[in-house]
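Report on the following structure.
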Protein chains: 2
Amino acid sequence: MVFPDRGASAPYAQVKQHLKDQLSRGLWPPGTLMPSEAQLVAQFGVSRMTVNRGLRELQAEGLVDRVQGVGTFAAQPWRATSTLTIRDLHSEIVERGHRHNAKVYLAREEPAPATLAQRLGLAAGTAVFHTLIVHFENDVALQCEDRYVNPACAPGYLQVDFTQTTPTQYLLEVAPHWEAQYSIEASAATAREARLLAIERHEPCLVVVRRTVSRGVPITIARLVHPGSRYNLQGELRP
Amino acid sequence: MVFPDRGASAPYAQVKQHLKDQLSRGLWPPGTLMPSEAQLVAQFGVSRMTVNRGLRELQAEGLVDRVQGVGTFAAQPWRATSTLTIRDLHSEIVERGHRHNAKVYLAREEPAPATLAQRLGLAAGTAVFHTLIVHFENDVALQCEDRYVNPACAPGYLQVDFTQTTPTQYLLEVAPHWEAQYSIEASAATAREARLLAIERHEPCLVVVRRTVSRGVPITIARLVHPGSRYNLQGELRP
DNA sequence: CAGTGGTCTAGACCACTGA
DNA sequence: CAGTGGTCTAGACCACTGA
């Protein structure tokens with residue numbers, strides 16, 4: 001039995017992989033002019049659209065720079081940005097085969113302090129929803145989630161049972177597409193957070209602050225505090 | 001004066017943007033079947049390759065799932081991974097218009113401890129290069145860089161003047177293309193790190209551990225310790 | 001079987017660059 | 001001006017899916 005095409009990937013992928021190999025061998029140091037589309041067409045015996053697709057994907061990956069009217073240049077590889085997956089804690093825990101549960105310490109409506117109101121695009125003093133939830137993996141506290149929600153975006157927020165679903169999951173249903181900005185820093189937990197997470201007062205914590213926007217409207221701001229000894233983020237950079 | 005095409009982007013980009021808008025309006029909830037390429041060809045009056053490119057890019061962005069023989073489906077937007085730029089500290093400081101300088105506390109050859117040797121793909125006890133450098137922004141300590149280097153990849157490493165260039169910059173010249181794995185966590189500095197960074201013994205620090213590999217060969221492992229009060233990472237997620 | 005997406009072709013027109 | 005990349009077209013063949 002013959003397997004047609006087994007092991008042989010699509011032509012555009014071959015062109016792309018060939019250039020990638022040469023780049024990683026240092027054949028074209030950063031900034032060097034690489035072969036033109038026409039040259040690659042001749043070299044590989046494929047159409048220009050095929051070569052173009054390979055080059056376009058290399059450009060999307062940050063491996064080459066292309067300038068109309070000039071040519072294609074090897075890029076500085078470290079400009080490639082790395083991808084970091086910040087996943088829903090619930091799915092992360094479940095995927096490890098562990099048990100996730102949550103304790104809700106607060107779920108109420110409050111007038112928004114000035115700074116917060118501004119970041120949510122609301123007038124100071126406007127009522128916002130505020131929840132404080134601790135998430136456990138196999139009964140070990142992993143995250144303290146202090147969250148404010150724009151009521152206009154999720155009117156039913158306070159009626160949700162957050163021992164059964166997470167705010168993230170619920171908000172995704174209400175406002176399916178979104179953008180987020182986040183910052184990651186190390187700091188000590190507040191006294192209350194330390195108590196809720198059952199850690200010592202000065203244990204270093206990984207703090208992620210995330211602001212979520214959907215179609216220009218701020219939806220929610222969350223401060224996610226993780227004990228440094230129990231949680232880390234992993235990622236990779238792969239040109 | 002007429003500006004031809006001003007404001008009107010390429011047809012494939014229009015198709016893509018149109019679908020993106022509809023998705024963000026919630027027209028197709030996650031998992032829903034979206035229009036086929038043939039339908040979009042009819043709707044937009046463009047060729048199939050044009051529609052295909054728009055859809056392919058949406059797929060690359062994680063906004064749709066495409067299954068051959070079945071169709072195109074709206075994806076779960078939160079599966080999109082966010083990009084986090086971890087930049088060279090030197091360029092970051094210079095770009096802020098500030099002054100960067102470095103103090104080299106250690107630069108020598110050492111026998112590698114077992115764990116480290118394993119992570120560098122070397123036999124235990126093999127000689128490796130070890131540097132300990134503190135980086136300052138306007139004379140404030142921002143990062144303590146504890147780095148081990150595989151001598152085979154950068155034989156001249158110890159001869160470099162690291163007050164003039166950074167290990168990252170130098171290693172990039174020696175081994176231009178690479179992959180990296182990293183983890184980010186919060187922990188206390190060691191006693192020595194606290195002293196070098198001029199911080200209190202228990203100040204929370206953001207610790208990035210990065211292992212760099214080029215063409216399958218480990219090049220270097222670095223532990224980058226940042227005082228939590230002086231440094232954070234920022235990123236965004238943008239479906 | 002009809003419908004889907006994956007890919008390629010051989011040509012085309014264009015904007016842009018630098019000599 | 002010749003050379004470059006950016007994009008589109010109208011067709012093609014294919015693998016795959018589910019009825």
Side-chain angles (χ1 to χ4, degrees), chain A residues 1-20 22-23 28 30-76, chain B residues 1-20 22-23 28 30-76:
Chain A
M1 177 86 184
V2 178
F3 294 112
D5 272 7
R6 200 54 72 174
S9 52
Y12 85 88
Q14 291 178 29
V15 174
K16 182 179 165 185
Q17 189 57 51
H18 176 263
L19 294 172
K20 224 169 173 169
Q22 305 278 29
L23 279 166
W28 301 292
T32 307
L33 183 63
M34 293 170 57
S36 70
E37 296 194 349
Q39 288 170 334
L40 293 167
V41 162
Q43 180 181 346
F44 287 90
V46 297
S47 80
R48 199 185 138 212
M49 278 298 274
T50 300
V51 161
N52 181 268
R53 176 165 172 188
L55 286 168
R56 192 152 26 82
E57 294 192 1
L58 287 176
Q59 184 176 36
E61 293 174 25
L63 288 178
V64 306
D65 290 322
R66 315 195 74 201
V67 184
Q68 193 174 13
V70 185
T72 300
F73 302 86
Q76 312 285 352
Chain B
M1 175 91 183
V2 178
F3 296 112
D5 272 6
R6 199 54 71 172
S9 51
Y12 85 88
Q14 291 178 30
V15 173
K16 184 178 164 185
Q17 190 55 51
H18 175 262
L19 294 171
K20 224 168 172 170
Q22 304 279 29
L23 278 165
W28 303 292
T32 307
L33 182 62
M34 292 170 59
S36 70
E37 296 194 349
Q39 289 169 334
L40 292 168
V41 162
Q43 180 181 347
F44 286 90
V46 298
S47 80
R48 198 183 139 215
M49 278 298 274
T50 300
V51 160
N52 181 268
R53 176 166 173 188
L55 286 167
R56 190 149 30 78
E57 294 193 0
L58 287 176
Q59 184 177 35
E61 293 175 25
L63 289 178
V64 305
D65 290 323
R66 315 195 73 199
V67 185
Q68 193 174 13
V70 185
T72 299
F73 301 87
Q76 312 285 350

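Below, chains carry the letters A, B, ... as their sequence lines are ordered, and counting in each starts from 1.
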Do the side chain of B/Arg53 and the base of D/dG6 come within less than 3.5 angstrom through a donor-acceptor pair of N or O atoms? no
Side-chain atoms of A/Gln68 come closest, of C/dC8, C/dA15, C/dG6, to C/dA15
Where the side chain of A/Tyr12 is concerned, which of C/dT4, D/dG6, C/dC8 is the nearest nucleotide? C/dC8
Pairs counted only when both distances fall under 3.5 Å, Watson-Crick or G-U: show me the 5' to 3' dot-bracket for DNA chain D, [ ] for pseudoknotted crossings and | for other-strand partners. ||||||||||||||||||.
Is any side-chain nitrogen or oxygen of [X] closer than 4.0 Å to OP1 or OP2 of [N]?
X	N	result
B/Thr50	D/dT7	no
A/Ser47	C/dC8	no
B/Arg48	D/dA10	no
B/Arg66	C/dG6	yes
B/Ser36	C/dT4	yes

Tell me which of A/Val70 and A/Val46 sits closer to the 5' end of DNA chain C, going by the nucleotide each one is nearest to. A/Val46
Please report the shortest heavy-atom distance between [X] and [Y], naming the atom on each side.
X	Y	result
A/Arg53	A/Tyr12	NH2-OH, 3.2 Å
B/Gly71	B/Leu33	CA-CD1, 4.1 Å
B/Pro35	B/Thr72	O-CB, 4.4 Å
A/Pro30	A/Ala75	CB-O, 3.7 Å

For B/His18 and B/Gln14, does a side-chain donor sit closer than 3.5 Å to a side-chain acceptor? no
Quick check: on DNA chain D, is the nucleotide nearest A/Gly69 upstream (toward 5') of the one nearest A/Arg56, or the reverse? Name the residue that is more 5'. A/Gly69
Ion pair present between B/Glu37 and B/Arg66, side-chain N to carboxylate O less than 4.0 angstrom? yes
